[in-house]
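Here the structure comes first, spelled out in structure tokens, and everything after it is commentary.
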Amino acid sequence: MALRHYTLDFKLSAAVDSSSTVPDLLSIFHEQEMTETVHETNGHGYLGTFVGKNGWLAILRVHSHGLVTVDLQCYEEDDFAQVDNLLNALESKLKVILNGNITRIKRLPALVRGAEVDRYWPTTDNRLVEYDMDQLVYEEDSAFQNIKILHSQQYGNALILDNDLNLAESDLAYTLAIMGSGRENYTGKEVLILGGGDGGILSEMVKQKPKMVTIVHIDQKVIDACKKYMRGTCGNILDNLKGDCYQILVEDCVPVLKKYVQEGKTFDYVINDLTAIPISTEPEEDSMWEFLRLILDLSIKVLHPSGKYLTQGNAENMTESLGLYEEQLGKLSCPVGFSKEVVCVPSYMEQWVFYSVWKK
């Protein structure tokens with residue numbers, strides 16, 4: 001049974017005394033058969049909790065620095081009109097009590113906690129975003145990660161790996177950006193894709209008639225899940241692991257890259273769709289940065305002298321991590337140049353940075 005958590009805030013131009021605020025609100029709680037308990041705050045204003053026979057919990061705080069807050073918790077199945085009436089009554093009464101002292105009133109939609117389908121996913125800089133997820137379409141643990149596919153009314157089905165939103169069916173903008181946003185010509189070219197198990201890049205790539213596309217993806221279960229539930233992204237391209245101009249290798253990309261280096265094999269394009277740049281700012285200590293440097297180094301070694309290395313970065317707001325990544329580009333086995341662009345990826349609800357890297 002999910003819990004709904006409502007909030008009502010009054011920001012004030014000056015602090016108020018609880019003795020002039022609380023008494024006039026008590027009758028509203030009593031009408032709902034809610035019992036008051038006053039808590040010691042050691043001089044930090046008033047704190048009262050109100051518990052109803054129906055399991056409702058309200059928290060009223062009159063802070064000592066010019067803020068009055070109300071929190072109300074009830075169950076998702078409770079009468080919404082009754083809940084709304086209580087919040088409306090509290091808001092109306094507080095407007096009268098605090099008249100002339102209010103600088104802002106904020107009443108937010110309910111935060112739903114413990115629901116069957118998780119709708120909350122933080123942005124890279126830890127801002128909370130609520131999605132319209134309404135159905136868990138698929139979930140399974142592979143040997144490598146937890147795989148979920150959730151349905152969104154706006155974005156279609158969305159692939160989530162280890163609780164990180166990877167791609168939704170709405171996100172063609174991501175696929176086109178990591179392919180170079182139309183600036184690259186893949187006709188007749190040899191292309192290596194690292195990751196890409198959702199099939200989005202491959203589905204778009206084969207339209208340009210490349211000579212051969214090789215995908216190296218470690219997790220067969222991701223491929224199988226996307227083949228069945230993410231067809232808005234991959235079409236029918238994942239129905240077969242081999243086609244006239246592509247092959248999908250279900251392997252760890254590191255040994256494969258090392259083998260290609262030893263063989264002297266090169267590609268016109270290497271597209272790294274494995275993971276975003278880590279948000280950690282300790283590149284010498286974080287294992288994700290170590291993995292990123294390894295992939296970068298091996299990818300540049302298998303890149304044709306006139307080739308391009310294309311990858312996602314991270315959110316535009318993560319300036320420190322992006323700066324550290326660009327420092328890593330200056331430490332490769334050969335000098336490289338790079339460009340970047342910022343693209344709006346619908347389901348990310350963030351501006352996302354993509355890189356194009358080439359040998360000098």
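Residue numbers run from 1 in the order of the sequence given.
Of the residues Leu60, Val83, Leu8, the one that meets the side chain to side chain contact (heavy atoms under 4.5 Å, CB included) test with Leu72 is Val83. Checked options Leu90, Leu25, Val62; the residue passing with Val68 is Val62 (criterion: side chain to side chain contact (heavy atoms under 4.5 Å, CB included)). Shown are Ile178, Leu202, Thr311, Leu194; of these, the side chain to side chain contact (heavy atoms under 4.5 Å, CB included) with Ile271 is made only by Ile178.
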Go through the steps for Glu290 and Arg293 under the test salt bridge (Lys or Arg N to Asp or Glu O under 4.0 Å), then give the verdict.
CA-CA 5 Å; Glu290 185 178 338; Arg293 281 194 296 266; 5.5 Å; no
Could you go step by step and tell me if Asp252 and Lys258 meet the salt bridge (Lys or Arg N to Asp or Glu O under 4.0 Å) rule?
CA-CA 11 Å; Asp252 181 344; Lys258 288 180 176 178; over 6 Å; no
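Cluster partners of Ile218, using a side-chain heavy-atom cutoff of under 4.5 Å among ILVMFWY residues and allowing indirect links, are Phe144. Grouped by direct or indirect side-chain proximity (heavy atoms under 4.5 Å, Ile/Leu/Val/Met/Phe/Trp/Tyr only), Met1 sits with Leu3, Tyr75.
There is a path of hydrophobic side-chain contacts, each under 4.5 Å, that joins Val345 to Val129. Connection of Met230 to Leu161 is established within a shared hydrophobic cluster, with ILVMFWY side chains joined at heavy-atom distances below 4.5 Å, either directly or through further cluster members. Under the 4.5 Å side-chain heavy-atom criterion for grouping Ile, Leu, Val, Met, Phe, Trp and Tyr, Ile147 is not connected to Tyr155 through any hydrophobic cluster. Ile215 is not connected to Tyr260 by any chain of hydrophobic side-chain contacts under 4.5 Å among Ile, Leu, Val, Met, Phe, Trp and Tyr, and they are in different clusters. No chain of hydrophobic side-chain contacts below 4.5 Å, direct or via other Ile, Leu, Val, Met, Phe, Trp or Tyr residues, connects Ile59 to Tyr6.
The closest side-chain donor-acceptor pair between Thr187 and Gln208, if any, does not fall under 3.5 angstrom. Donor-acceptor pairing under 3.5 Å is lacking for the side chains of Asp162 and Asn146. For the residue pair Thr69 and Asp9, no side-chain donor N or O sits within less than 3.5 Å of a side-chain acceptor on the partner. Judged by distance alone, the side chains of Glu184 and Tyr186 never bring a donor and an acceptor atom under 3.5 Å apart. Defined by atom type and a distance below 3.5 Å, a donor-acceptor pair is present between the side-chain atoms of Asp219 and Ser142. Using a 3.5 Å distance cut-off with no hydrogens or angles, the side chains of Asp268 and His304 do not pair a donor with an acceptor.
The closest donor-acceptor contact from the side chain of Tyr246 to the backbone of Ile237 lies under 3.5 Å. Looking only at distances, no side-chain donor or acceptor of Asn240 sits under 3.5 Å from a matching main-chain atom of Lys242. Looking at Lys189, its side chain does come within 3.5 Å of a backbone N or O of Asn185 through a donor-acceptor pair. Remark: the backbone N or O of Val22 is not paired with any side-chain donor or acceptor of Ser18 at under 3.5 angstrom. Asp132 contributes a side-chain N or O that, together with a main-chain N or O of Gln154, makes up a donor-acceptor pair within less than 3.5 Å. Side-chain N or O atoms of Glu169 include one that pairs as donor or acceptor with a backbone N or O of Asn157 at under 3.5 Å. No donor-acceptor pair closer than 3.5 Å links the side chain of Asp84 to the backbone N or O of Phe80. For Tyr229 (side chain) and Ala158 (main-chain N/O), no donor-acceptor pair under 3.5 Å exists by modelled atom type. A donor-acceptor contact shorter than 3.5 Å links the side chain of Thr103 to the backbone of Lys11. Counting only distance, with no hydrogens or angles, the side chain of Glu316 and the backbone of Val342 share no donor-acceptor pair below 3.5 Å.
Between atom CG of residue Leu274 and atom CG of residue Leu292 there is a gap of 9.5 Å, rounded to the nearest 0.5 Å. Atoms OG and CZ, on Ser203 and Arg231 in that order, are 10.0 Å from each other to the nearest 0.5 Å. Rounded to the nearest 0.5 angstrom, Trp56 CH2 and Arg4 CZ are separated by 11.5 Å. The line from CG of Leu12 to NE2 of His63 is 10.0 Å long, rounded to the nearest 0.5 Å. Remark: Glu140 CD to Ile149 CD1 distance equals 10.5 Å, nearest 0.5 Å. Between the CG atom of Leu150 and the OH atom of Tyr138 there is a distance of 13.0 Å, given to the nearest 0.5 Å.
The two atoms that bring Ser64 and Ala15 nearest to each other are O-CB, 3.6 Å, heavy atoms only. Taking both residues in full, the closest heavy atoms of Ser299 and Tyr309 are given as CB-CE1, 3.4 Å, listed atom of the first, atom of the second, then distance. The minimum heavy-atom distance between Trp358 and Phe338, with the atom names listed, is CH2-C, 3.4 Å. Phe29 approaches Ala58 most closely through the heavy-atom pair CE2-CB, 3.6 Å. Nearest heavy-atom pair, Leu238 versus Gly197, reported as atom, atom and distance to 0.1 Å: CD1-O, 3.6 Å. When every heavy atom of Ser356 is checked against every heavy atom of Leu310, the shortest pair comes out as OG-CD2, 3.4 Å.
Between Ile277 and Met318 the shortest side-chain heavy-atom distance does not fall below 4.5 Å. Side-chain atoms of Asp198 and Asp273, non-hydrogen and from C-beta on, do get closer than 4.5 Å to each other. Between Tyr325 and Asn314, every side-chain heavy-atom pair lies at or beyond the 4.5 Å cut-off. Contact check for Lys148 versus Asn163: side-chain heavy atoms found under the 4.5 Å cut-off. Met205 has its side chain within reach of Pro210: a pair of non-hydrogen atoms, C-beta onward, lies under 4.5 Å apart. Using a 4.5 Å heavy-atom threshold, the side chains of Ile28 and Leu86 count as touching. No side-chain heavy atom of Val70 sits less than 4.5 Å from a side-chain heavy atom of Glu91.
Checked against ring pair (Phe, Tyr, Trp, His ring centres under 6.0 Å), Tyr46 has no partners two or more places apart in sequence or in another chain. Checked against side chain to side chain donor-acceptor pair (under 3.5 Å), Thr37 has no partners two or more places apart in sequence or in another chain. Under the side-chain contact (heavy atoms from CB on, under 4.5 Å) criterion, Val336 pairs with Ile300, Leu329, Leu332, Cys334, Val357, sequence neighbours left out. Taking His5 as the reference, Thr7, Asp71, Gln73, Leu111, Arg113 meet the side-chain contact (heavy atoms from CB on, under 4.5 Å) condition, with sequence neighbours excluded.
Under the 4.0 Å criterion applied to side-chain N and carboxylate O atoms, Asp297 and Lys301 are assigned as salt-bridge partners. Using a cutoff of 4.0 Å between basic side-chain nitrogens and carboxylate oxygens, Glu326 and Lys340 are scored as salt-bridged. Remark: Lys259 does not engage Glu251 in a salt bridge, criterion side-chain N to carboxylate O under 4.0 Å.
For CG of Asp244, the number of neighbouring non-hydrogen atoms (other residues, nucleotides, ligands) closer than 6.0 Å is 12 at most. Arg104 CZ: 12 or fewer foreign heavy atoms inside a 6.0 Å radius. Atom CD of Glu116 has 12 or fewer heavy atoms from other residues, nucleotides or ligands within 6.0 Å.
Between Phe354 and Tyr174, the distance separating the two ring centers is shorter than 6.0 angstrom.
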